[in-house]
Amino acid sequence: METFGARLHRAVAERGPLCVGIDPHPGLLAQWGLSDDVEGLDRFCRIVVEAIGDRVAVVKPQSAFFERFGSRGVGILESTIRQLRNSGSLVLLDVKRGDIGSTVSAYASAYLDPSSPLYVDAVTASPYLGVGSLAPMFELAAAHGGGVFVLALTSNPEGAAVQRAVGADGRTVAQTVIDEVSQLNRGADPLGSFGLVVGATIGDTGHDLAGVNGPLLAPGLGAQGATAADLRTVFGSSLPSVLPSYSREVLGAGPDQEALRAATDRVLAECRAALATS
């Protein structure tokens, strides 16, 4: 069985270092001339998948924008996941789940068990009930070749109060998360399957990411204020592990499919240039 880390490494080599989010919020649906209902949602997702699904390494649907329409919205999420898989892109579902015991086990089964209709390649997860509370996610991901991206240093201004708080051992909460996820990737080759979410807008983090040996998802690029050039400041020597993530910067070019492809190609070229290590 091929690990998520290996699949991601190959996908980035073949398609380039880029993740594109599918964030169908009401304003964007209106911008595209679509209705803010399940029909508009379905049309939006089909256009995005048809335009870029066969050229992007990773596509990241944001679950909340589907869940707000109830069961029919979740049905469209299931359909979108299938379409993305058929296009050859990896699917990272942005759910930011975190809980304990049987509940986190149920979340793991929902997203990381191949028998689930919501089965994806990887999910985002919140560690603020303790990184150890996510063990069922890590275990099921490992069993089925999946991945988990754990929040570490996020772009929102409120995050710093928690993430940069210093514990009794002198490490920040974020560094503790980084170190524990790094342990999960020890010895993995060519890349571990357990990643971190580190916002592209946060500047010099002051944290040590060198030992992660896993993917570093970098949201916040484009409309949220960060540029591809900022990645060097944020990640330094860890650049080779960075997976830049754009949403509105690409989606704002729709609904014209050629415009979506052009926007995707443009940000990908910027990412390639920023991440070049030579």
Side-chain angles (χ1 to χ4, degrees), residues 4 19-54 56 58-129 133-134 136-141 143-151 197 217 219 245 247-248 250-252 254-255 257 260:
F4 171 72
C19 170
V20 174
I22 298 183
D23 298 356
H25 56 76
L28 191 54
L29 292 175
Q31 181 182 325
W32 280 33
L34 298 173
S35 53
D36 187 21
D37 54 24
V38 290
E39 286 75 20
L41 176 69
D42 182 56
R43 181 63 181 149
F44 180 93
C45 293
R46 288 182 183 277
I47 291 172
V48 174
V49 174
E50 290 172 8
I52 67 172
D54 62 351
V56 176
V58 181
V59 178
K60 179 172 66 68
Q62 166 49 258
S63 184
F65 291 115
F66 296 82
E67 293 173 30
R68 70 191 184 97
F69 293 109
S71 60
R72 292 180 67 193
V74 174
I76 293 172
L77 176 58
E78 293 174 4
S79 175
T80 301
I81 290 168
R82 290 193 298 271
Q83 293 170 51
L84 288 169
R85 286 187 170 280
N86 290 336
S87 74
S89 60
L90 299 179
V91 185
L92 166 58
L93 188 59
D94 196 356
V95 289
K96 298 184 180 71
R97 300 297 192 230
D99 215 303
I100 59 173
S102 60
T103 307
V104 77
S105 295
Y107 281 138
S109 296
Y111 308 120
L112 297 168
D113 187 326
S115 67
S116 169
L118 285 169
Y119 172 62
V120 290
D121 294 282
V123 295
T124 56
S126 173
Y128 297 111
L129 289 165
S133 69
L134 299 175
M137 282 192 180
F138 300 141
E139 291 165 2
L140 202 60
H144 296 294
V148 180
F149 286 80
V150 181
L151 302 178
V197 180
L217 182 71
S245 181
S247 294
R248 281 173 285 175
V250 171
L251 300 178
Q257 291 194 9
L260 284 167

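A quick note: this is a predicted structure, and the numbers were derived from the prediction, not measured. The first residue of the sequence shown is numbered 1, and numbering continues consecutively from there.
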Item to check | Residue that, paired with L112, satisfies side-chain contact (heavy atoms from CB on, under 4.5 Å) out of L93, L118, V148 | outcome: V148

Checklist entry - Can you tell if the side chain of S247 reaches within under 4.5 Å of the side chain of H25, non-hydrogen atoms only? => result no

Checklist outcome for this item: For G101 and P136, the nearest pair of non-hydrogen atoms, with its separation, is O-CG, 4.5 Å

Item to check | Electrostatic pair D37:R72 at N-O distance under 4.0 angstrom | outcome: no

Item to check | Rounded distance [0.5 Å steps], CD1 in I52 versus OG in S89 | outcome: 8.0 Å

Next on the checklist: Could you tell me if the side chain of L41 sits less than 4.5 Å from the side chain of F66, heavy atoms only?
Outcome noted: yes

Checklist entry - Which distance, rounded to the nearest 0.5 Å, do you find between the OH of Y119 and the OG of S109? => result 12.5 Å

Next on the checklist: Is any side-chain heavy atom of V38 closer than 4.5 Å to one of I76?
Outcome noted: yes

Item to check | C19 and L217, any side-chain heavy atoms less than 4.5 Å apart | outcome: yes

Checklist entry - About how many Å separate CG of L77 and SG of C45, when rounded to the nearest 0.5 Å? => result 8.0 Å

Checklist entry - More than 12 foreign heavy atoms under 6.0 Å from CG of L129: is that the case here? => result yes

Next on the checklist: For L134 versus P127, what's the shortest heavy-atom pair and its separation?
Outcome noted: CD1-CA, 4.0 Å

Checklist entry - Do any N or O atoms from the side chain of S116 and from the backbone of A110 form a donor-acceptor pair under 3.5 angstrom? => result yes

Item to check | Full working for side-chain contact (heavy atoms from CB on, under 4.5 Å) between L28 and D23 | outcome: CA-CA 8 Å; L28 191 54; D23 298 356; 5.6 Å; no

Next on the checklist: Classify the ring geometry of F44 against W32: parallel below 30°, tilted from 30° to 60°, perpendicular beyond 60°.
Outcome noted: tilted

Checklist entry - So, for I100 and S133, which heavy atoms are closest and what is the spacing to 0.1 Å? => result CG2-CB, 4.0 Å

Next on the checklist: With a 3.5 Å distance limit and no angle check, can you tell me whether D121 reaches the backbone of V91 through a side-chain donor-acceptor pair?
Outcome noted: yes

Item to check | From D99 atom CG to M137 atom CE, the distance as rounded to the nearest 0.5 Å | outcome: 9.0 Å

Next on the checklist: Consider side-chain contact (heavy atoms from CB on, under 4.5 Å). Of L151, V150, V123, which one does K96 pass it with?
Outcome noted: L151

Next on the checklist: Using modelled atom types and a 3.5 Å cut-off, is there a donor and acceptor pairing between side-chain atoms of S245 and backbone atoms of V20?
Outcome noted: no

Checklist entry - Could you state the interatomic distance from CD1 (I81) to OH (Y111), rounded to the nearest 0.5 Å? => result 9.0 Å

Checklist entry - From I22 CD1 over to K60 NZ, what is the distance, rounded to the nearest 0.5 angstrom? => result 10.0 Å

Checklist entry - Can you list the residues that meet the side-chain hydrogen bond (donor to acceptor under 3.5 Å, both in side chains) rule with E50, with sequence neighbours excluded? => result Q257

Next on the checklist: Within a 6.0 Å radius of atom CZ on R43, are there more than 12 heavy atoms belonging to other residues, nucleotides or ligands?
Outcome noted: no

Checklist entry - For F4 and L90, what are the C-alpha separation, side-chain angles and deciding distance, and is it a side-chain contact (heavy atoms from CB on, under 4.5 Å)? => result CA-CA 9 Å; F4 171 72; L90 299 179; 4.1 Å; yes

Next on the checklist: If we ignore hydrogens and angles and just use 3.5 Å, is the side chain of S87 paired with the main-chain N or O of L84 as donor and acceptor?
Outcome noted: yes

Next on the checklist: V104 vs R97, test: side-chain contact (heavy atoms from CB on, under 4.5 Å). Steps then yes/no.
Outcome noted: CA-CA 8 Å; V104 77; R97 300 297 192 230; over 6 Å; no

